[in-house]
There are 2 protein chains.
Amino acid sequence: MAAQYAEGVRGGYSPNVPTNRKPRVTIDQVAQATGVSRQTVSRAINNKTEIDPETRQRILDAAQAMGYRPSRFARGLVRQDLITIGLVIADVLNPFFPEVTAGVLEAAERRGWQVVVYNTGSERRKELEVVDMLFDQVDAGIAFLLHHDAIAKATAGNLPFVLLDKGGRAPAVPGVRIDFEGGARRGLEYLIDRGHRRIAMLDDEAYLSAEAPNTRRELYLKVMGERGIPVDINWIQPAHNSIDGGAAAMERLLSAHKDVTAVFAYNDLIAIGAQLRARALGLGVPEDCAFLGFDGLSIGELVEPPLTTLHIDKRRLGEIAVEQAALLLGGMSEDEVPEAVIEPQLIVRASA
Amino acid sequence: MAAQYAEGVRGGYSPNVPTNRKPRVTIDQVAQATGVSRQTVSRAINNKTEIDPETRQRILDAAQAMGYRPSRFARGLVRQDLITIGLVIADVLNPFFPEVTAGVLEAAERRGWQVVVYNTGSERRKELEVVDMLFDQVDAGIAFLLHHDAIAKATAGNLPFVLLDKGGRAPAVPGVRIDFEGGARRGLEYLIDRGHRRIAMLDDEAYLSAEAPNTRRELYLKVMGERGIPVDINWIQPAHNSIDGGAAAMERLLSAHKDVTAVFAYNDLIAIGAQLRARALGLGVPEDCAFLGFDGLSIGELVEPPLTTLHIDKRRLGEIAVEQAALLLGGMSEDEVPEAVIEPQLIVRASA
DNA sequence: AACGTCTCCGTGAACGCTCACGTGAGCGGT
DNA sequence: ACCGCTCACGTGAGCGTTCACGGAGACGTT
């Protein structure tokens, strides 16, 4: 594969990797070189007692010079307290996930755990692949999974597994539930109470292919129905889960339904894109069209007008997931793990 | 430690972890239970040949039922091809890093490597701690490090180490260099050519405590000097590396120097905060004050007016780092690793 | 009947480390 | 001269796999 030199990159990179990997230096080699036993080298390396300070230094120097580094495998084999968890997210570039990741990282660090991160892009193939990988590589998994077969596979195995956003799934699978129903209800009723009747919905298109229960769209229909507000099915536009996706969907929506007065978006990313495009097309926000997001991303404060949204405590979401993983790892059975629910809070800024 | 129930979280979490960790099920136990040898179980688990399909299924079922999962340590000990790299970043919440992470993740995945992520917050103590940890836990490190003693420690050990943004350091330490000089020069000359003379700089305060060469500030002084433009030292304001930090710094700057016509910010985050605050205080952008950022974050497109910035290909940065790590891992010596430079590109949007 | 060839399965060793011991030297106290 | 103690260090075992073999049985070929 020829190296692709991206624009703005000098001295590009040709991966002509010489594969003469040097063999590992072992503790025994260090021991032999310094004329002591393995155990003494181990004492030096691990900063233990029962060793002469002078000997320690001598060993440390030799180890350094020889390029010795203890094998984490050999070490992990004998000590049982080295824990690594796998964090599976959909997209690092979606600001939702860095916040969750921050919570996971922090909670994991408090416990002295390592966190290895996987990106799926919400593709079915990747999700399945990553779940497979997880079984071999980590002690517990924390995952955001869209596709039900990936979820099934993940929870069927005997790896402690926690779902970020476990949706409406059985209580037996541990995870954090985000109360979309309460959130969507609060958000939509806010819009309705402010007089909006023609409320469109910009949905995440990823849920079209995944056979998952799409709570947000269903909730939209449900609440609108409860309030006796007729819904034109074409008010629902699928959007790619990104700012550009939101913009494109908004344009499609407007080309057919100029008369909607408010937009309820699947999330902030889509809402932001939609709002930006609406303004670019000359609409006033919120006078001509109001926008309501979901997630409470901080970038919602940057746009004009600042985005009204249903805020989710994403950091806490990550923290709780780690705590649940800890319970599982501690030997608790899956159905004993207490339920945790995160309640979206309506944050009224200025877009609605 | 009592559980803190964050607002918006029901059914909060008390970590009364029962620590009766169940002992590991080993391959031998599965072998015994199914009446075969270890090796046969191994063949079943690893999908190898030389095993009767029927036996395989029987073993697989038993393993599943017994909760068997191969130990990655034992496995890693005997196979030498399981590679894990450590990615050390300053702050997941700063959009710069998710982009780098995306590049690293993608490149690592292509190679079948695992990536474990560490967050330092650019704190000296954390940086040193993380570097220490790295030596034990991974096969190679890719790190964004601010403090020179952390860098020294990282590069002194015998762990393959690649620096993201290696700054002006010796060529012997592998890493990617971002050509801040070229970037800053292009940016500042653009401002100067458009008639600006009183150009302030909002610097990252983290560099105050770190005894690192702060190229961006020095470059600012250098270029201004070369063009014969006098600089008031108070035009340089330290800012916390965040949007709020930029806003606060801008407010301080304006309280003393209302007459600056342009702001050159350490990065986009600071620039965005500054610009937002300036507008809130009634200034017109760019008429009253122009803003120039650094990094080329996509959120710069969200603010009004969209931020003019020096764009860095962050994804490519991460990819190159992985490629360099691969070279090192392949046995290449540190000074043989070809130099890679990333050239910031001026993207003129509307803030300057 | 002897021999080769498959197919399926088992055995010993090795991976690199830590843990629980055991050991000998040195030294002060009785 | 003996005991007891501390300090510094060494020895054997074991952690859970995979790898390179070796071997028994079934079956066909000469």
Side-chain angles (χ1 to χ4, degrees), chain A residues 21-60 62-63 66-84 112 133 135-139 158-159, chain B residues 21-60 62-63 66-84 112 133 135-139 158-159:
Chain A
R21 191 159 299 161
K22 21 192 167 185
R24 204 168 234 307
V25 178
T26 74
I27 197 173
D28 284 295
Q29 294 175 29
V30 178
Q32 190 149 17
T34 49
V36 297
S37 71
R38 271 172 292 149
Q39 181 59 17
T40 303
V41 176
S42 175
R43 279 191 266 256
I45 297 292
N46 298 320
N47 236 316
K48 297 216 168 171
T49 59
E50 306 193 16
I51 183 177
D52 188 273
E54 214 169 284
T55 319
R56 154 172 298 141
Q57 194 53 52
R58 195 163 50 89
I59 294 175
L60 253 27
M66 298 173 67
Y68 170 72
R69 220 155 31 84
S71 149
R72 69 172 179 287
F73 294 123
R75 213 177 234 176
L77 197 53
V78 50
R79 321 208 317 219
Q80 304 298 74
D81 56 343
L82 305 178
I83 293 184
T84 299
M133 178 143 297
F135 282 83
D136 284 359
Q137 306 286 5
V138 301
D139 302 300
N158 23 46
L159 179 75
Chain B
R21 191 160 300 163
K22 20 193 168 182
R24 199 169 239 304
V25 178
T26 74
I27 197 173
D28 285 296
Q29 293 174 31
V30 178
Q32 190 149 17
T34 48
V36 298
S37 72
R38 286 173 276 148
Q39 181 59 16
T40 303
V41 177
S42 176
R43 280 192 264 255
I45 297 292
N46 297 322
N47 238 316
K48 298 216 169 172
T49 60
E50 306 193 15
I51 184 176
D52 189 272
E54 213 170 284
T55 318
R56 154 172 296 141
Q57 195 51 53
R58 194 164 51 89
I59 294 175
L60 253 27
M66 298 172 68
Y68 170 72
R69 219 155 30 84
S71 150
R72 69 172 177 288
F73 293 123
R75 214 175 234 179
L77 197 53
V78 51
R79 320 208 318 216
Q80 305 297 72
D81 56 342
L82 305 179
I83 292 185
T84 299
M133 180 143 297
F135 282 82
D136 284 0
Q137 306 286 5
V138 301
D139 302 300
N158 24 45
L159 180 75

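Protein chains get the first letters and strands the later ones, always in sequence-line order, with residue 1 at the start of each.
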- Query: Any side-chain N or O of A:Thr40 less than 4.0 Å from the OP1 or OP2 oxygen of D:dG10?
  - Reply: yes

- Query: Minimum heavy-atom separation for A:Ile83 to A:Asp139, with atom names?
  - Reply: CA-OD2, 3.3 Å

- Message: What is the separation between atom CD1 on A:Ile27 and atom C1' on C:dC19, rounded to the nearest whole Å?
- Response: 12 Å

- Query: What nucleotide among C:dC9, D:dT17, D:dG10 has an atom nearest to a side-chain atom of A:Val36?
  - Reply: D:dG10

- Query: Could you state the interatomic distance from CD (A:Gln137) to OG1 (B:Thr84), rounded to the nearest 0.5 Å?
  - Reply: 6.5 Å

- Bend of the helix from C:dA1-D:dT30 to C:dT30-D:dA1 from end-axis comparison, five pairs per end, nearest 10°, comes to 60°

- Item | B:Leu77 or A:Ile51, whichever maps to the more 5' nucleotide of DNA chain D | A:Ile51

- Establish, with yes or no, whether the OP1 or OP2 oxygen of D:dG10 is under 4.0 angstrom from a side-chain nitrogen or oxygen of A:Ser37. yes

- Task: Using only heavy-atom distances, decide whether a donor-acceptor pair under 3.5 angstrom links the side-chain of A:Glu50 to the base of D:dC9.
- Result: yes

- Query: OP1, OP2 of C:dT18 versus side-chain N and O of A:Lys48: anything below 4.0 Å?
  - Reply: no

- Query: Would you say the side chain of B:Val41 lies within less than 4.5 Å of the side chain of B:Arg38, judging by non-hydrogen atoms?
  - Reply: no

- Message: Rounded to whole Å, please give me the gap between CE in A:Met66 and P in C:dG16.
- Response: 13 Å

- Task: Provide, to the nearest angstrom, the distance between the CD atom belonging to A:Gln32 and the C1' atom belonging to C:dG16.
- Result: 15 Å

- Under 4.0 Å between a side-chain N/O of A:Ser42 and OP1 or OP2 of C:dC17, yes or no? no

- Item | Rounded distance (Å) that lies between atom C1' of C:dG16 and atom CG of B:Leu82 | 15 Å

- Taking the nucleotide of DNA chain D with the closest heavy atom to each, which residue, B:Phe73 or B:Gln39, is nearer the 5' end? B:Phe73

- Integer-rounded Å distance: D:dC15 C1' and A:Arg79 CZ: 13 Å

- Message: For C:dG10, does the base pair up with any side-chain atom of B:Arg43 as donor and acceptor (N or O, under 3.5 Å, distance only)?
- Response: yes

- Length of the line joining A:Gln57:CD and D:dA8:P, which is rounded to integer Å: 15 Å

- Message: Nearest 0.5 angstrom please: A:Thr26 OG1 to A:Arg69 CZ, how far?
- Response: 13.5 Å

- Note on the structure: note: B:Asp28, atom CG; C:dG12, atom P; distance rounded to Å ~ 13 Å

- Item | Chi angles and distances behind the side-chain contact (heavy atoms from CB on, under 4.5 Å) call for A:Arg72, A:Leu82 | CA-CA 9 Å; A:Arg72 69 172 179 287; A:Leu82 305 178; 5.9 Å; no

- Run the numbers on A:Arg75 and A:Asn46 for side-chain contact (heavy atoms from CB on, under 4.5 Å), then give the verdict. CA-CA 11 Å; A:Arg75 213 177 234 176; A:Asn46 298 320; 2.7 Å; yes

- Message: Rounded to whole Å, how long is the line connecting atom CD of B:Gln80 with atom P of D:dT17?
- Response: 17 Å

- With a 4.0 Å cut-off on heavy atoms, is B:Arg72 in touch with a base, just the backbone sugar-phosphate, or nothing at all? nothing

- Message: Regarding A:Asn46, tell me which of base, sugar-phosphate or nothing describes its non-hydrogen contacts under 4.0 Å with the strands shown.
- Response: sugar-phosphate

- Message: Could you tell me if the side chain of B:Met66 sits less than 4.5 Å from the side chain of A:Asn158, heavy atoms only?
- Response: no

- Note on the structure: d(A:Asp136 CG, B:Ile45 CD1) to nearest 0.5 Å is 9.5 Å

- Task: Determine whether any donor atom in the side chain of A:Arg38 lies under 3.5 Å from an acceptor atom in the base of D:dT11, or the reverse, and answer yes or no.
- Result: no

- Message: At less than 4.0 Å, is any side-chain N or O atom of A:Thr55 found next to OP1 or OP2 of D:dA8? Yes or no.
- Response: no

